[in-house]
Amino acid sequence: MASSTPPYSINTSKPHQSPHPNPKSHLHKQQKRPHRLQSSPSMLSSSSYNSASSAHGKFLTPSSSTSLQSHHLSLPLLGPEFRRSRTTKVISKRNLSSPRTYFSQTRSASAAAVDITARLLCSSLDDIQGLKGILGSFQHKLKIPEDYCFVLHELGNRDKCPPKALAFFHASIPLMRNSTEKGKLLTAVIGILGKLGRHDLARQVFDFGLSQGFGNTVYAYSALISAYARNGLSSEAMSVFSLMKASGVRPNNISYNAVIDACGKGGVDLEITVGFFREMLQNGICPDRKTFNSLLAGCSHAGRLEDARILFDEMIDLGIGRDIYTYNTFIDVLCKGGNMKFAVEVIPDMLSSYIQPNVVTYSTLMDGYAKLERHDEALNLYMEMKSMGIQLDRVCYNTLLSIYVKSGRYEDITRVCEEMEVIGIDKDIITYNSLITGYGKQGRFDIVSYLIRDMREKGVASNVLTYSTLMDIYSKAGMYEDAANVFFDFKESGLKADVVLYSSFIDVLAKNGLVKCAVWLLDEMQQIGIEPNVVTYNTIIDGFGKSRFFVEGGIGNGMAGGKANCNQIVRIFGNLTKDIIQPMVDVATKKSEDLFCILGLFQRMIQQRVKPNVVTFSAILNACSRCDSFEDASLLLEQLRLFDSFVYGVAFGLLMGCRDAWLRAQSLFDEVRCMDNSTSSAFYNALTDMLWHYGQRRGAQQVVLEGVQRQVWENTWNEFTLDLHLMSSGAAQAMVHSWLLSMSAIISKGQKLPQVVSILTGWGKHSKVTGASPLRRVIQTLLNSIGAPFHLERFNIGRFVSPGAIASAWLRESGTITLLLLHDERSQPSSPLTLLPSLQALQL
DNA sequence: CTAGGGTTAG
């Protein structure tokens, strides 16, 4: 095609994924077309993953760097010394030995330990004296240190109250007889605090141990590394690991496993993670199955399917063996890549190794299907799991809930909640966030408020996702002031913001045309070290020209050059919701300032190497439609060239009425069609709107027909019914023309129209007021202007109807066809003029 | 010391 490879790929992959764009494609949608298999199609061609044809020994020698493999780990992961230094049996056996469990600790605990635990569980927190009293009365019966560790574990597992565990620790330390015993208690409390998500307290108590001279042990360091690992704080874990070595404490295999685990979870570059692994080998410490499982999880996180498969195979070759964790992690890698076919094929493999799939296996697979929107298959697995007698746990319930939320099966949400209640599974923050999303989507803000109160009562702490979710649901409902208040509440929460939180609030601002405010927020987030991603930018670009309210003194002027200021934003939103409509000082000035802002954004995107995707293009096209002049729009469109000359060529060509652009447009349309419906229809809507807006009405019509041919808008076009509810106003208007023309063609062939022909506009997707659909008004105006004999149905204001006979008579009138035919304001001569097939079919 | 779940643009 006429394109050179664009400097950026067009895709809508999530920023944290590592895309491997199909080099042939301009447009690429990750969610629907997982890329992992594309990069190496033969990778899993055998149903047996450890077949002889697989990559034996790849970890032992640097892999030959073929183009397909160059992005895989080409590493001598295991040097020859590893092979010699161990027999596979020793490692296998070590892994098979029963792990030290909570159960074994329970057995070692004395009756007194069980008693004091019960007492402490019902004692109140603020009563430190009481705690000391209880401890004093049991002291002589408690075994040191085992019983104390047992109590700590119990408090952690059952009470889930970090301060109480901490208080018990501090009260118990003086009772320990030496550093070793103190160290054991310290390790226990660090582990518990880490488990409870309080890595901050874990660090404090660790530092306390160090200062008191009993913390400088391999156990304490490992526990702290693991505490950070659990909470996804990989850099902290790595720095503790360094500190450990600097303090002269030699890491053991648990320390290495913990740091490798932290890296895998925390999204550390896989090469760095593997670096720890190599170091481990160099220091003569044997990796075990957990090491490999953690490495595998690292591959999963990084989306490196091929590396995961190599590891998965190597585990057998090296005699490490696989366990349920190995299989589940590997299945997860496949699910993350969307390769469900292969993911389910792992099950027979597991069974032949006498490992039964468990609730984790099922929830992984269910979620894999759900991510591909294959909800039915996900629910089938749920049924299968139930029939196998596998009890759902909290994670699995949450997975199920998210499937119901995504698929809009709201009545099932209630059922699942009741079921959880009956079984005695408490909702956690993920459950609450899902429920908030679900009920928010239904507009049940009463239930949302109840959920927030309920969380507070049950002591479940909100997290940053709760706030982003709330902002999103309020924003989608047009409750912008509520959305803004969520952001200000967040600032007082003391939680750490992330890119999604900022993007959500920026979206709220952008939806109200507050482009400048949005850019201030962009600055603010960068100042506190949060990098914007393509979503952040797309959101702002899309906000251009959306201003639908006026503010005293103008939004720009009052705060020009200043920083984002909460009070000012509050004031703006206050005015917004009070419907204060005051004349803007100069609307045109604001718009040109905003345009300037947007142009600056493109530069920032390029500087920060944020890759635009098809949504960026849609946003730019929409922004063009909102420009005050053709010149401004051209200026904006020109920026598209920086990103992708091919897409630019098509858009600009169509805008200028170049017939030649249609050939390239065809291939662009085909690429867009490979993406999911909402993504592609948004692009068609944006492109059509721009063409329509700038007078290229025949061009707009052609784009719409291309879309119809490719079924971009589901079931939009029937012979006698037109459903416009998924279309933008330009697209809808172009569509009405085409549809009426096609009916006219039908009539001219001698066919009769049915009793009633109708046009559906829906009620408007994001309209604040029911029935106040802008689309409906646009269509009404259009129908009036051409004198089409349609009227709104009495009890369905989203539907225009006309008796077939009347429509037919109107279409037969002499001037009607002329009215319906669309023309371009600009056209440029083309080399052999060809009518598009879609237009020929309509005999236009 | 190892596995699975929740959020953003169109």
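Throughout, protein chains are lettered first and strands after them, A, B, ... in sequence-line order, and every chain is numbered starting at 1.
Protein atom CE of A:M366 is 15 Å distant from nucleotide atom C1' of B:dG6, rounded to whole Å. Rounded to whole Å, the distance from CG on A:D332 to P on B:dG4 is 5 Å. Rounded to whole Å, the distance from CZ on A:F277 to C1' on B:dT2 is 14 Å. Between the CG atom of A:L296 and the P atom of B:dG4 there is a distance of 10 Å, given to the nearest Å. Note: CG (A:N293) to P (B:dT2) measures 10 Å, nearest angstrom. In this structure, OH of A:Y474 is placed 17 Å from P of B:dT7, rounded to the nearest angstrom. Rounded to whole angstrom, the span from the OH atom of A:Y228 across to the P atom of B:dT2 amounts to 17 Å. In this structure, the CG atom of A:D393 is 11 Å from the C1' atom of B:dA3, given to the nearest Å.
At a threshold of 4.5 Å between non-hydrogen side-chain atoms, the residues A:D412 and A:L400 do not count as touching.
The pair A:D426-A:K458 fails the salt-bridge criterion, with no side-chain N (NZ, NE, NH1 or NH2) lying under 4.0 Å from an Asp/Glu carboxylate O.
Side chain of A:T469, nearest nucleotide from B:dT7, B:dG10, B:dC1: B:dT7. For A:N433, the side-chain atoms get nearest to B:dG6 when compared with the rest of B:dG10, B:dT8, B:dG6. With B:dT8, B:dG4, B:dG10 as the candidates, the nucleotide lying closest to the side chain of A:V500 is B:dT8. Picking from B:dA9, B:dG4, B:dC1 the nucleotide with the shortest atom distance to the side chain of A:S363 gives B:dG4. When distances run from any side-chain atom of A:S468 to the nucleotides B:dA9, B:dG6, B:dT7, the shortest one goes to B:dT7. Taking only side-chain atoms of A:N533, from C-beta outward, the nucleotide of B:dG4, B:dA9, B:dT8 with the closest atom is B:dT8. Residue A:D542 places its side chain closer to B:dA9 than to any other of B:dG4, B:dA9, B:dT2. Of the listed nucleotides (B:dT2, B:dG6, B:dA9), B:dT2 has the atom at the smallest distance from the side chain of A:D261. Out of B:dT2, B:dG6, B:dG10, the shortest distance to the side chain of A:N463 is found at B:dG6. Nearest nucleotide to the side chain of A:I430, out of B:dG4, B:dA3, B:dG6: B:dG6.
Each of A:N293, A:N328, A:T329 was scored for a side-chain hydrogen bond (donor to acceptor under 3.5 Å, both in side chains) with A:D323, with one residue passing: A:N293. Put simply, the residue from A:F241, A:Y221, A:F276, A:F277 that forms a ring pair (Phe, Tyr, Trp, His ring centres under 6.0 Å) with A:Y256 is A:F241.
Using a 4.0 Å heavy-atom distance criterion, A:V359 is classed as a base contact. When heavy atoms are screened at a 4.0 angstrom cut-off, A:I540 is found touching no nucleic acid atom at all. Note on A:I429: a base of the nucleic acid sits closer than 4.0 angstrom, heavy atoms only. If you check every strand for non-hydrogen atoms under 4.0 Å, A:S503 touches a base. Counting any heavy atom pair closer than 4.0 Å across all strands shown, A:N685 reaches no nucleic acid atom.
Contact annotation: A:K476 reaches the phosphate of B:dA9 (side-chain N/O to OP1 or OP2, under 4.0 Å). In this structure, A:K427 does not reach the B:dG6 phosphate: none of its side-chain N or O atoms is under 4.0 Å from OP1 or OP2. Contact check, A:S226 against B:dC1: a side-chain N or O comes under 4.0 Å of OP1 or OP2. Residue A:K371 has a polar side-chain atom (N or O) positioned under 4.0 Å from OP1 or OP2 of B:dG6. Taking side-chain N and O atoms only, A:R230 has a distance below 4.0 Å to OP1 or OP2 of B:dC1.
No hydrogens or angles were tested; on distance alone, nothing pairs the side chain of A:D323 with the base of B:dA3 as donor and acceptor under 3.5 Å.
More than 12 non-hydrogen atoms from other residues, nucleotides or ligands lie less than 6.0 angstrom from NZ of A:K245.
Considering only residues two or more places apart in sequence or on other chains, A:E236 meets the side-chain hydrogen bond (donor to acceptor under 3.5 Å, both in side chains) condition with none of them. Listed by chain and number, the residues in a ring pair (Phe, Tyr, Trp, His ring centres under 6.0 Å) with A:Y502 are A:F487 (sequence neighbours excluded).
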